[in-house]
Amino acid sequence: MIKSLKVLNNPLSNADNQLAILEDKKLHSHASFKAKLVASDLYPLRANAVEILQINVGKMCNQVCKHCHVDAGPDRKEIMTMETMQLCLAVLAHSSIKIVDLTGGAPEMNPNFRWFVTEIKKLNKHIIVRCNLTIILANKKYHDLPTFFKQHDIEVVSSLPSFTKDRTDRQRGDGVFEDSIKALQMLNAVGYGVSEDNLQLNLVYNPAGAFLPPSQQALEIEFKDELFKNYGISFNNLFAITNMPISRYLDYLLSTGNYDSYMEKLVNAFNPAAIKNLMCRNTISVSWDGFLYDCDFNQMLELPVSPSNSRHLSDFNLNDLTNREIVIKQHCYGCTAGAGSSCGGEVAN
Amino acid sequence: MSDHYYNADDLAKFGNIAEYQKEMGDKFFSYYGEVFKDGHLTAKEKSLIALAVAHAVQCPYCIDAYSSDAYEKGYSEQQMMEAVHVASAIKGGAVLVHGVQMMNKVKKISM
Ligand code: SF4
Ligand code: SF4
């Protein structure tokens, strides 16, 4: 099994080292993200709402994908405790936040995952679970996840970089494609992805290599055709997401000599139209230990939200967070390239 | 001037050809953009055709551009190599079919 950067003591497991590379002018001479925003009259970048609470319930995962920005894996032990979940619930109970986006790692591996979902549901929030699919097959205790998701009316968002085994397994590990197909069939069997209106099953496409995603619309049509024709699988939407030049994907870019040209691609594809719907503008990301960030990427780079009085769930101040200035660095080019990118796919349309 | 004819960095400068003839350059690029849009053929299918043609015309810039583009659009290594074989078969066939012309001539002048 491949190990996480952290367990390998790879210098890139340290956020400061990643930031030093991203900001190093000797490695590339591209304009700073800030300068680009200034030139487009979009600086400072500010949030305009807090509608989504994206909660990272832990870095433990049954997979070790090559592009993972979390550096997740079976060897990661950081897991959100029930006490921290209680703090999330308190924030949700006292705010107008409508959507809770549960991510990880594999969020289902958190021992309190089901309890947490049930409690969030009592608060009448829409829940998204970022399910890596293979977890459903990983152990008998997870086989009933599709039914559990259905009972709680959860929106399932799952990664599948290709409708072919070769490309999927190269990014996500041997055997992942086969298990993902089985898991998708299990989700379809309980009613996921078959109707427009309920039990949404959305797929995420990340490029399996050093390139940007092609057109989301064209990919969706192709994925729908191929998955249905070959495996009888249906799903609702496909979100095309750009790989962020951080963590394991940064390691991949550097070790294959692709870093420079990838950054150049991102910078050249800068699209000011993507700024309006950047996910950081309506989301707060929560780490396993309860700290607050502008997005999951800033969380992994340990860049806390700007309001210093509201950096942990225990000090959550909705007002200050709503109008906060977003903390930006060079990796933000990953969200503004081409049609833009967010946890919900393209943002410039 | 560099001391070799092809330079990978020149691919990114393709647009500069409009500097010396703006009207024609602009028309070419707008036509080019139109050709590669989704139409009765998808942009993806067009990319694979472009890859095969790039090999047939042996343009290193086009091979560079369409190897990336076709892979990014989801073609596998095997599919891309088969496309190159199609180009090769057509080019080889185009050479060999002229063998008939050679045979005609030889048959005419031989006893
Ligand atoms: S990308 Fe998702 S499934 Fe893959 S290792 Fe990271 S958290 Fe796990
Ligand atoms: S990485 Fe993207 S989502 Fe995060 S702060 Fe930068 S632009 Fe916003």
Side-chain angles (χ1 to χ4, degrees), chain A residues 28-30 67 159-171 177 203-227 229-230 238 240-243 253 256-258 260-270 337-339 341 346, chain B residues 2 6-19 25-26 29-30 32-55 59-85:
Chain A
H28 56 77
S29 53
H30 310 301
H67 70 299
S159 282
L160 192 69
S162 171
F163 45 78
T164 66
K165 175 178 161 51
D166 176 54
R167 243 186 229 209
T168 303
D169 287 1
R170 277 200 234 178
Q171 183 193 71
F177 181 74
L203 295 186
V204 167
Y205 163 95
N206 288 89
F211 51 90
L212 306 186
S215 144
Q216 176 170 287
Q217 201 192 358
L219 279 175
E220 184 178 294
I221 294 171
E222 214 186 355
F223 268 67
K224 282 195 168 162
D225 283 355
E226 294 289 333
L227 289 177
K229 188 175 72 194
N230 298 322
L238 181 131
I241 300 188
T242 303
N243 287 319
L253 290 174
T256 54
N258 277 304
D260 224 15
S261 57
Y262 189 74
M263 285 309 288
E264 196 173 319
K265 271 185 199 162
L266 291 183
V267 175
N268 289 344
F270 175 77
S341 178
E346 291 181 354
Chain B
S2 57
Y6 287 121
N7 186 341
D9 292 342
D10 286 348
L11 175 57
K13 300 179 195 155
F14 188 14
N16 297 357
I17 63 141
E19 249 173 52
D26 288 351
F29 286 115
S30 114
Y32 193 101
E34 206 54 42
V35 165
F36 280 95
K37 281 186 184 157
D38 278 316
H40 292 285
L41 292 172
T42 63
K44 181 175 173 179
E45 289 162 339
K46 289 174 184 182
S47 180
L48 194 66
I49 295 172
L51 179 72
V53 175
H55 281 79
C59 169
Y61 300 115
C62 305
I63 292 172
D64 183 343
Y66 285 96
S67 298
S68 300
D69 193 65
Y71 193 76
E72 289 173 24
K73 287 196 162 68
Y75 286 112
S76 66
E77 287 90 335
Q78 293 87 338
Q79 288 171 318
M80 289 167 65
M81 188 54 87
E82 282 185 24
V84 174
H85 277 288

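Numbers restart at 1 for each chain; the letters A, B, ... are given by sequence-line order, proteins then strands.
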Do A/Asp166 and B/Glu77 have side chains that get closer than 4.5 Å, going by heavy atoms? yes
First locate atom CD of B/Gln78, then atom OG1 of A/Thr164, and finally report the distance between them rounded to the nearest 0.5 Å. 9.0 Å
Heavy atoms of other groups near B/Gln79 CD, more than 12 under 6.0 Å: yes
Toward chain B, the part of A/Leu212 with a non-hydrogen atom under 4.5 Å: backbone
Of all heavy-atom pairs between A/Arg167 and B/Tyr75, which one has the smallest distance, and what is that distance? NH2-O, 2.7 Å
Interface moiety of A/Phe223 toward chain B, non-hydrogen atoms closer than 4.5 Å: neither
